[in-house]
**Student:** 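Pasting a structure here, questions to come.
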Amino acid sequence: MFTPDIYRARRAALAQQVGSGLILLIGNADSPMNYTDNIYHFRQDSSFLYFFGLDLPGLAAVIDVEADSATLFGDDGGLDSIVWTGPLPSLAEQAQAVAVSQTLALSKLDGVVSRARDGGRKVHYLPPYRAEHRVWLAELLQLYVAAVDDAASESLTRAVIALRSVKSAEEIAEMENALEVAYRMHMLAMRSSRPGVKEQEVVGLMTGLAQSQGRALAYPVIFSRDGHILHNHGHGYTLKAGDLVVNDAGAESPLHYASDITRTIPVAGRFNDRQKLVYQAVLDAQLAAINAMKPGVPYREVHDLAARVLVSGLAPTGLFKGDAAEVVASGAYALVFPHGLGHHIGLDVHDMEALNENWVGYGEGVERASEFGRKSLRLGRPLREGWVVTVEPGAYFIPALIERWAAEQRHAGLIDYDVARQYADFGGIRIEDDVLITADGARVLGKPIPKTIAEIEALASA
């Protein structure tokens, strides 16, 4: 964990922003796969980790703003528990590591919350993303389950977003740690993606590498020659020469900070001419975006810049007709770039989006768009020093989308659908890095992972 003073300072900053009342943070519990004792890999709630640091199931915490106090709620294991898990430090001992001096049994939480509620004090809690948390909160606060989400505290949610958005030096070090493992995963994948190898074999190698370092994956691996299917988690295809494979894979640090990296791999070790042209257009878009990033620049403008560079790079194909600025302004570019340029990353791979995606990514005079493509941009507001965001432009040729738009004659004056159909078997390309916003620009985090055509071909064909 971080030092106790870090957790104490985070809680103090949170209390100051919220102003009054009780702040209730609920940790995650074990989740059964198919019966009670056969559980999914445990992952603690990220906001609980941020403020209380303890990576154990069955915990909750309360910050009493007026009393300037914090209490951890949980139960120490008895002999039956020790038989299965071995001895663990007591909750009181673990609380000391995060600068908490008061602990109570979990059964006492109901009384603490009830007294606050009966006394007219506000009980602040974050929007729940697990069904069992909705039920628990409903019981604690005497609400209908259906009313729990709407009663979540806006002031607490916005305060947590503000605090977690800006990464400290210690957090950046954790993310660099996660990126070291991601680097090794991607290098292994580039060397292993050969004709005749199944996708699942490469996924297994990357997963095993992460686990051999005691790490969890930051998210389920996307490794697919069908890269035009953006979240394709099927890994049953046998690779062949000429395939392009989109590899979107990252690991967590020991304290659960995420890495999120994508590279696109030519299976036979060489891009063909058509692949080179599209790949270079995507890479140029990513490099232009990173070069434009600095505090105060709205990320939506960076997204549009990347889209213009991408459209310009695809000009030799004849896919788009007219000026790149016009193509992007019209939304026609989304035929090949239907998602946003990037998102916050930190303790969550899509950092804090469970709290409220629009509060995380918009505001400050920037409203979320409603049109296809740009509406999927998760972050549009001006960048700030200390943020870490992903930069992940792509180009995808999605047969169903091409045919739908062609039938509708959507943007017919700006798109040559005959050309688009010629690329229906292309698949997709995405290039992604994690980028820290600095005082006067931006810095790609982690050890450089090959991404130029020459670098990738040299490694993939070795």
Side-chain angles (χ1 to χ4, degrees), residues 14 17-18 25-26 28 43-51 124-131 133-134 137 146 148-167 171 175 218-220 222 230-231 248 250 252 256-260 262 289 293 297-304 306-307 331 334 337-384 386-394 430 432 434-435 437:
L14 181 65
Q17 290 201 28
V18 172
L25 295 176
I26 293 177
N28 285 335
R43 176 54 158 84
Q44 183 61 284
D45 175 76
S46 293
S47 290
F48 192 90
L49 280 174
Y50 187 82
F51 294 103
H124 302 270
Y125 63 89
L126 296 171
Y129 54 88
R130 289 193 171 188
H133 285 182
R134 289 188 179 91
L137 286 164
V148 167
D149 285 15
D150 288 340
S153 170
E154 179 173 346
S155 61
L156 174 62
T157 303
R158 290 189 180 277
V160 171
I161 290 170
L163 291 170
R164 284 182 55 189
S165 292
V166 178
K167 306 302 188 287
E171 290 177 289
M175 298 187 76
Y219 51 92
I222 299 166
L230 300 185
H231 280 182
D248 190 337
E252 289 188 342
H256 298 294
Y257 284 80
S259 54
D260 186 3
T262 307
M293 292 166 65
V297 175
Y299 200 52
R300 186 169 66 185
E301 293 182 7
V302 183
H303 170 92
D304 286 352
F337 183 18
H339 63 73
L341 182 63
H343 50 81
H344 280 277
I345 181 171
L347 276 167
D348 308 309
V349 66
H350 281 221
D351 210 23
M352 304 169 292
E353 286 184 8
L355 300 178
N356 186 305
E357 190 176 310
N358 284 334
W359 291 355
V360 171
Y362 286 87
E364 299 182 79
V366 182
E367 294 185 4
R368 193 164 193 156
S370 59
E371 72 268 18
F372 180 82
R374 200 175 274 109
K375 71 179 181 181
S376 296
L377 177 61
R378 290 175 159 90
L379 173 61
R381 61 196 291 201
L383 298 166
R384 293 186 180 178
W387 285 7
V388 181
V389 302
T390 67
V391 184
E392 48 182 304
R430 181 164 65 254
E432 176 183 20
D434 303 336
V435 179
I437 307 304

**Student:** Could you check whether any side-chain N or O of Y299 sits under 3.5 Å from a backbone N or O of M293, counting only pairs where one atom can act as donor and the other as acceptor?
**Tutor:** no
**Student:** Go through the side-chain N and O atoms of R164 and S47 and say whether any donor and acceptor fall under 3.5 Å apart.
**Tutor:**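 Yes.
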**Student:** Can you confirm whether V160 sits close enough to Y50 that some side-chain heavy atom of one is under 4.5 Å from a side-chain heavy atom of the other?
**Tutor:**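 A side-chain contact under 4.5 Å is absent here.
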**Student:** Does a side-chain heavy-atom distance below 4.5 Å link R384 with E364?
**Tutor:**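 They are in contact (side-chain heavy atoms under 4.5 Å apart), so the answer is yes.
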**Student:** Just how far is it from atom OG of S376 to atom CG of L341, taken to the nearest 0.5 Å?
**Tutor:** 12.5 Å
**Student:** With the side chain counted from C-beta on, respond yes when H344 and V388 share a heavy-atom pair under 4.5 Å apart, and no when they do not.
**Tutor:**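 The answer is no; the side chains never approach within 4.5 Å.
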**Student:** Run the numbers on N28 and H133 for side chain to side chain contact (heavy atoms under 4.5 Å, CB included), then give the verdict.
**Tutor:** CA-CA 8 Å; N28 285 335; H133 285 182; 3.1 Å; yes
**Student:** Please determine whether a side-chain nitrogen of the Lys or Arg among R158 and E154 lies less than 4.0 Å from a carboxylate oxygen of the Asp or Glu.
**Tutor:** yes
**Student:** Just by modelled atom types, is the G250 backbone N or O under 3.5 Å from a matching donor or acceptor in the Y219 side chain?
**Tutor:** yes
**Student:** Report the distance from atom CG of D45 to atom OH of Y129, rounding to the nearest 0.5 Å.
**Tutor:**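 D45 atom CG to Y129 atom OH measures 3.5 Å (nearest 0.5 Å).
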**Student:** Does any non-hydrogen side-chain atom of I26 lie less than 4.5 Å from one of F48?
**Tutor:** no
**Student:** So, for A258 and A218, which heavy atoms are closest and what is the spacing to 0.1 Å?
**Tutor:** CB-CB, 3.9 Å
**Student:** For a side chain to side chain contact (heavy atoms under 4.5 Å, CB included) with V360, tell me which candidate from R378, R381, M352 qualifies.
**Tutor:** M352
**Student:** Given side chain to side chain contact (heavy atoms under 4.5 Å, CB included), test L156 with L14 step by step and report yes or no.
**Tutor:** CA-CA 8 Å; L156 174 62; L14 181 65; 3.7 Å; yes
**Student:** Could you pull out the closest heavy-atom pair between S259 and D434, with the gap in Å?
**Tutor:** CA-OD2, 3.6 Å
**Student:** Just by distance, no angles: are the side chains of H303 and R374 close enough, under 3.5 Å, to form a donor-acceptor pair?
**Tutor:** no
**Student:** Could you walk me through whether Y362 and L377 pass the side chain to side chain contact (heavy atoms under 4.5 Å, CB included) test, one step at a time?
**Tutor:** CA-CA 10 Å; Y362 286 87; L377 177 61; 3.6 Å; yes
**Student:** I want to check something: taking the side chain as every heavy atom from C-beta on, are Y257 and E252 in contact at a cut-off of under 4.5 Å?
**Tutor:**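 No, their side chains stay 4.5 Å or more apart.
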**Student:** Taking atom OG of S165 and atom CG of L379, what is their separation to the nearest 0.5 Å?
**Tutor:**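 It is 9.0 Å, given to the nearest 0.5 Å.
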**Student:** Would you check if R43 and L49 make a side-chain contact, meaning some heavy-atom pair closer than 4.5 Å?
**Tutor:** yes
**Student:** Can you find a pair of side-chain heavy atoms, one from L355 and one from P127, that are under 4.5 Å apart?
**Tutor:** yes
**Student:** Looking at D260 and T390, what are the two nearest heavy atoms and their distance?
**Tutor:**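 Closest heavy-atom pair between D260 and T390: OD2-CG2, 3.8 Å.
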**Student:** Taking all atoms of both residues into account, what is the closest heavy-atom pair of V148 and Y125, and its distance?
**Tutor:** O-OH, 2.6 Å
**Student:** Do H343 and E392 have side-chain N/O donor and acceptor atoms under 3.5 Å apart?
**Tutor:**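 Present: a donor and an acceptor within the cut-off.
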**Student:** Any idea which heavy atoms bring V366 and G380 closest together, and the distance?
**Tutor:**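 Minimum heavy-atom contact is CG1-O, 3.6 Å.
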**Student:** Between CG of L230 and NE2 of H339, what distance do you get to the nearest 0.5 Å?
**Tutor:**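 Rounded to the nearest 0.5 Å, the CG-NE2 separation comes to 5.5 Å.
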**Student:** Are R300 and E367 within salt-bridge range, i.e. N to O under 4.0 Å?
**Tutor:**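 No, this pair does not count.
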**Student:** Does the side chain of E432 reach to within under 4.5 Å of the side chain of V391, using non-hydrogen atoms?
**Tutor:** no
**Student:** Looking only at heavy atoms, which two atoms of H124 and S153 are closest? And how far apart?
**Tutor:**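 The pair with the smallest heavy-atom distance is ND1-OG, 2.8 Å.
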**Student:** Return the CZ to CG distance between R134 and L137, rounded to the nearest 0.5 Å.
**Tutor:** 9.5 Å
**Student:** Look at the side chain of D351 and the backbone N and O of D348, then say whether any donor-acceptor pair between them is shorter than 3.5 Å.
**Tutor:** yes
